[in-house]
Amino acid sequence: MEVRNDVVIRGTDRCDLAEAVEGGEFLSVRRHGKRLFLRLSGGGWLTWHFGMTGRPAWTDGAEERFTRALFVFPRGSLAFVDPRMLGRLGLASSPERYIESKGMGPDALEISRGEFVDAFLEARGPIKAALMDQRRVAGVGNLYADEMLFQCRLDPRAGARSLSERDLECLHRAMRRVLRRSIEAGADLDRLPPTYLLRCRGRGAACPRCGSALRTETVGGRTSYFCADCL
DNA sequence: TTTCATGTTCAGCA
DNA sequence: GTGCTGAACATGAA
């Protein structure tokens, strides 16, 4: 293993990391929320957090720009490419312990409708902030939260307490639908249905449903797009 | 040249 | 304890 920038392994000891990885194999992969876990043949798991701009990249030729760490195999390498270096690599004894230590909630695609409703009935603050809170449900980020709320015609600024059980059930369905579709599309926004708000972020955006100009506002510390006419 | 950004975490404050 | 704000991280795109 070659570490190009120590920032991406901060919180981990460089030697421990190298020792845990080198000479071994990745036996299996798991995901929880936005985290990836690779089981190491020497025991334990490699944890992988992508931040906003991180991604894995296989290469058997020239090294990609912004490669922050590299797992070198006999033929080719697996690179951790991350321009902004907001991602992290680390070690954990198991995904469960890692999830527990981070206080992460159930994965967005695994949480049942009942659990979801219960978790949000006691939420405070704007619904969008609650949806992005990884302690409640793990896996929903800024863009996807906007999409889910849009599909349910819910105002991102609305207090979580103001939502009915029916609203929350809609949100649970939308969460599953949006994430599934996005995974199918390989997270390529252009391959999503034209009715998706996700594709409309940016300059002078119009609502894909009614054509009105989309509004932007900061909610939960992040830029939110929504259509005031569709609420 | 300036501003903003797909995420997380933490300090400081109300 | 809860929630909000701003900062930090380092870079590219608009």
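Chain identifiers are assigned alphabetically (A, B, ...) following the order of the sequence lines, protein sequences preceding nucleic acid strands; residue numbering begins at 1 within each chain. Every heavy atom of this structure was used, including side-chain atoms; hydrogens, water molecules and symmetry mates were not.
When the side-chain nitrogen and oxygen atoms of A:Arg88 are compared with OP1 and OP2 of B:dT9, none of them lie within a distance under 4.0 Å. Contact between the side-chain N/O atoms of A:Thr223 and the OP1/OP2 oxygens of B:dA5 is found at a separation under 4.0 Å. Using a 4.0 Å cut-off, no side-chain N or O of A:Arg84 falls inside it from OP1 or OP2 of B:dG7. Within the 4.0 Å cut-off from OP1 or OP2 of B:dT6, not a single side-chain nitrogen or oxygen of A:Lys34 is found.
The CD atom of A:Gln134 sits 9.0 Å away from the NE2 atom of A:His32 when rounded to the nearest 0.5 Å.
The base of B:dG7 sits with one of its N or O atoms less than 3.5 Å from a complementary donor or acceptor on the side chain of A:Arg222.
Summarising the hydrophobic clusters (Ile, Leu, Val, Met, Phe, Trp, Tyr; side-chain heavy atoms under 4.5 Å, direct or chained), the residues clustered with A:Val219 are none.
Comparing C:dT11, C:dA10, B:dT9 against the side chain of A:Phe66 picks out C:dT11 as the nearest. Distances were taken from every side-chain heavy atom of A:Asn142 (C-beta onward) to each of C:dA10, B:dT8, B:dT6; the shortest belongs to B:dT6. Nearest to the side chain of A:Lys102, among B:dT6, C:dT11, B:dT9, sits B:dT9.
Salt-bridge annotation for A:Glu115 and A:Arg136: absent, with no side-chain N of the basic residue lying under 4.0 Å from a carboxylate O of the acidic one.
Distance noted for atom C1' between B:dT6 and C:dC4: 22 Å (whole Å). If you take atom C1' in B:dT1 and the same atom in C:dA8, they sit 22 Å apart, rounded to whole Å. On the P atoms, C:dG12 is 22 Å away from B:dT8, given to the nearest whole Å.
A centroid separation of 6.0 Å or more is found between the aromatic rings of A:Trp45 and A:Tyr98.
Sparse packing is recorded around CD of A:Glu100, with 12 or fewer heavy atoms of other residues, nucleotides or ligands lying under 6.0 Å away.
The nearest heavy atom of DNA chain C to A:Arg10 and to A:Arg65 marks one nucleotide each, and the one closer to the 5' end goes with A:Arg10.
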As a check on the pairing definition, encode DNA chain C in dot-bracket form, counting Watson-Crick and G-U wobble pairs whose two distances are under 3.5 Å, and using | for partners outside this strand. .||||||||.||||
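At a threshold of 4.0 angstrom between heavy atoms, the contacts of A:Met52 include nucleobase atoms, whether or not backbone atoms are also involved.
Taking the six-membered ring where tryptophan is involved, the planes of A:Phe26 and A:Phe71 are perpendicular, since the angle between them exceeds 60° and thus also 30°.
In the hydrophobic clustering of ILVMFWY residues, with side-chain heavy atoms under 4.5 Å counting as a link, A:Val140 and A:Leu189 come out together.
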